[in-house]
Amino acid sequence: MLAERTNAGHLTIVNEGETVQLYGWVQTRRDHGGVIFVDLRDRSGIVQVVFNPDMAGNGFDEAEKIRTEYVISLEGKVRKRPQGSENPNMKTGEIEVVAVNLTILNKAKTPPFYIQDNVDVDESVRLKYRYLDLRRPEMQNIFIIRHKVMQIVRNFLDKQDFLEIETPMLTKSSPEGARDYLVPSRVNQGNFYALPQSPQLFKQLLMVAGLEKYFQITRCFRDEDLRADRQPEFTQIDLEMSFVEMDDILPLMEEMVAKVFLEITGTKIALPFLRLSYQDAMERFGSDKPDTRFGLELIDVADVVKNAGFKVFADVIAKGGRVKGICAKGCAGMPRREIDALTNYVNIYGAKGLAYIVLGEDGIKSPILKFFTEDEIKNLIATMGGETGDILFFVADKESVVHNALGNLRLELAKRLNLIRDDIINCLWVIGFPLLEYDEEEKRYVAIHHPFTSPMDDDLNILDTEPLKARAKAYDMVMNGMELGGGSIRIHRRDTQEKMFQLLGLSPEEVKDKFGYLLDAFEYGTPPHGGIAFGLDRLIMILAMRDNIRDVIAFPKTQSASCLLTQAPSQVSPGQLKDLSIKLDIKAK
RNA sequence: GGCCCCGUGGUGUAGUGGUUAACAUGCCUGCCUGUCACGCAGGAGAUCGUCGGUUCAAAUCCGAUCGGGGUCGCCA
């Protein structure tokens, strides 16, 4: 039966005269009393079916019972539509299928929303009825893209001699990185597995094992707060190679990503990608994932203001902070309330204020004008590249705040000024990340990438003296201002890895308990190795032009990490808890 | 944990203290042989997220709470 099935959406005039067998859902029904039109939808598309009263048996009576989303099957004959009744808006609009019989395979309740593209319905309703949401062609298209991307990647890596190897989902909790999802062990009471944040250590062990090239398209779990581009479980394209350096990995990954774009969207991405140092990325764009599709770069004005009369700026410089600005071209006419809104915007990122100078046609206006001499102002404007018609924005604070605030202001300005071209794919690498940063809360160094990232060879000797200056053999792929993937050359020697743990403030006992197996493995002939992992969901977001990660995951969680369809997470029975020796201690609200 | 936005028939919206809560669409019934967002006629459908408060009177004002979204912190 199914072998004879015809794809509704593929029918064209060349099928004229053919007898076809259709199976699908009723998109719409137009009952004219004497003739009934049904748009039948399957995964391939939609075709118009005509039911006439003269069809055999009780077929027409059945057709009158049809309602939206009923599941039907029918045999019919493809014919050219009568002249003047063609529908140019439909792919199959030149033809129609005249039904000779009809079977209603299943009735359907009226769906809570239209099964069609561009529905305007609350997302929580879509998520509760996700199986209906996924019936919509635009959603199906996303998962077709997703499937194809996985095929392209698998095929590409297979041809490059990578082996797809699975790693455990029930694994060991580790103290570094994100919060783990924990799974209690029944067999080992009181002990817990963790779901993997990534297969990091297993893939390194596969390199120790001599598999040389590994990849996996695998689920990762992080128990952190959700965002528009972050889900608690997400999918990584994860890979690792032995006997490689950065310059082996980057071009290969560029090729892979370019191939995906070429095959999915036809977009040709220029190779090789720009490589930007972390230092430059932060200085020029205030971000380690810069969107370089537009200008509005950050400009350092410390030299101009450090000795000037404006104490707020000068003091920040004196205390080791930074003063930087952005020149917003042609924005001198910006109303005061919008400037205030931007001030509130940078406040979010910790900036205490947003200074500005308006270079208007009728002169220079600024609340801070009075603190500068005429020469200083001239100098400041020149340094910023300001011209009449522009507005200059400044933030003075410690470096991290200045970069974060201005980096985000830059994006916000670009959005408001409509400077971001969405027809361009902007790819680059950020390299030369610092190895470590200081965590004020934990009062210790933490790894910027992760603790298994190798320091640059040149910086090995400063690990003890100036650890914050050490750079890592790490690299991030950035696409349209989104961090799409990141990786590094790993540490493959026990002594270096131990040194790293020591810098991170882990006690020898903790190291032995949490990572002893890795250190032991490193003693049995570990090849130099490195790899990378891509966020598949984010890649699909870009390919499918979605700004929401939930749209590219079949059954996503809400912001409060629950599933509106299954109502997970939910309570479990006392018996289940007893099996695990778990007692709840929920604080009363 | 903080800040911001949203919650009214199935769905999308209107309604900012006072009649029977309005409109569109969907749904149901009838009519209709060329529609394709078919059309025409009629009908049903809402304890205005929940709880509490203010008031003679609350969808509307206040508080709490629940749910959804964005975001900071958090997270590669």
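Labels below follow one simple rule: chain letters A, B, ... track the order of the sequence lines, proteins then strands, and each chain is numbered from 1. Just so it is clear, the structure is predicted and the values come from calculations on it, not from any experiment. Heavy atoms only: backbone and side chains are in, while hydrogens, waters and symmetry mates are out.
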Note to self: Treating primed atoms plus P, OP1 and OP2 as sugar-phosphate and everything else as base, which nucleotides of nucleotides 41-51 of chain B get B, S or - for protein heavy atoms under 4.0 Å?
What the structure shows: -----------
Next item on the list: Going 5' to 3' through nucleotides 6-15 of chain B, assign each nucleotide B (protein heavy atom under 4.0 Å from a base atom), S (under 4.0 Å only from sugar-phosphate atoms) or - (no protein heavy atom that close).
Entry: ----SSS---
For atom [atom1] of [X] and atom [atom2] of [N], their distance in whole Å:
| X | N | atom1 | atom2 | result |
| --- | --- | --- | --- | --- |
| Leu127(A) | G67(B) | CG | C1' | 12 Å |
| Lys557(A) | G67(B) | NZ | P | 16 Å |
| Gln48(A) | A37(B) | CD | P | 10 Å |
| Ile549(A) | G68(B) | CD1 | P | 17 Å |

Notebook entry, point to check: According to the side-chain hydrogen bond (donor to acceptor under 3.5 Å, both in side chains) rule, which pairs have a member within residues 70-84 of chain A, sequence neighbours left out?
Noted result: Arg79(A)-Glu96(A)
Next item on the list: Could you list all the side-chain hydrogen bond (donor to acceptor under 3.5 Å, both in side chains) pairs where at least one residue sits in residues 427-442 of chain A, not counting sequence neighbours?
Entry: Glu254(A)-Trp429(A), Glu442(A)-Arg444(A)
Report the residues that fulfil salt bridge (charged side-chain N to carboxylate O under 4.0 Å, His left out) with [X], sequence neighbours left out, ordered by chain and then residue number.
| X | answer |
| --- | --- |
| Asp537(A) | Arg146(A) |
| Lys398(A) | none |
| Asp291(A) | Arg293(A) |
| Arg471(A) | Asp459(A) |

Among [range], which residues get a heavy atom nearer than 4.0 Å to RNA chain B?
| range | result |
| --- | --- |
| residues 227-240 of chain A | Arg227(A), Ala228(A), Arg230(A) |
| residues 77-98 of chain A | Arg79(A), Arg81(A), Pro82(A), Ser85(A), Glu86(A), Asn87(A), Met90(A), Glu96(A) |
| residues 29-37 of chain A | Arg30(A), Asp31(A), His32(A), Gly33(A), Gly34(A), Val35(A), Phe37(A) |

Margin query: I'd like to know whether Lys289(A) forms a salt bridge (Lys or Arg N to Asp or Glu O under 4.0 Å) with Asp476(A), so could you lay out the CA-CA distance, the side-chain angles of the two residues, the decisive distance to 0.1 Å, and finally the verdict.
Written below: CA-CA 8 Å; Lys289(A) 45 180 197 298; Asp476(A) 276 1; over 6 Å; no
Checklist line | Partner of His529(A) by side chain to side chain donor-acceptor pair (under 3.5 Å), out of His492(A), Gln204(A), Arg490(A) | finding: Gln204(A)
When you measure from the side-chain N and O atoms of [X] to the phosphate of [N], is any distance below 4.0 Å, counting only OP1 and OP2?
| X | N | value |
| --- | --- | --- |
| Thr28(A) | A37(B) | no |
| Gln197(A) | A76(B) | yes |
| Thr558(A) | G68(B) | yes |

Note to self: Assess the residue pair Thr68(A) and Thr110(A) against the criterion (side chain to side chain contact (heavy atoms under 4.5 Å, CB included)); give the C-alpha distance rounded to whole Å, side-chain angles, the decisive distance to 0.1 Å, and a yes or no.
What the structure shows: CA-CA 7 Å; Thr68(A) 303; Thr110(A) 304; over 6 Å; no
Notebook entry, point to check: Considering only side-chain heavy atoms of His449(A), which listed nucleotide, G34(B), A76(B), G70(B), is closest?
Noted result: A76(B)
Check: Are Gln116(A) and Arg41(A) linked by a side-chain donor-acceptor pair shorter than 3.5 Å?
Finding: no
Note to self: For Gln236(A) and Ser198(A), which I'm curious about, is there any donor-acceptor pair between the side chains at under 3.5 Å?
What the structure shows: no
Item checked: Stepwise salt bridge (Lys or Arg N to Asp or Glu O under 4.0 Å) test for Glu283(A) and Lys324(A) -> CA-CA 9 Å; Glu283(A) 288 294 336; Lys324(A) 298 177 82 167; 2.7 Å; yes
Name the pairing partner of [N], where a pair is Watson-Crick or G-U wobble with both distances under 3.5 Å, or state none.
| N | value |
| --- | --- |
| G30(B) | C40(B) |
| U11(B) | A24(B) |
| C56(B) | G18(B) |

Please list, one pair per line, the donor and acceptor atoms closer than 3.5 Å that link side chains of residues 554-564 of chain A to other protein atoms, with sequence neighbours excluded.
unit_1    : atom_1 : unit_2    : atom_2 : d
Lys557(A) : NZ     : Glu233(A) : OE2    : 3.2
Thr558(A) : OG1    : Ser560(A) : N      : 3.4
Thr558(A) : OG1    : Ser560(A) : OG     : 3.2
Thr558(A) : OG1    : Ser562(A) : N      : 3.4
Thr558(A) : OG1    : Ser562(A) : O      : 3.4
Thr558(A) : OG1    : Ser562(A) : OG     : 3.1

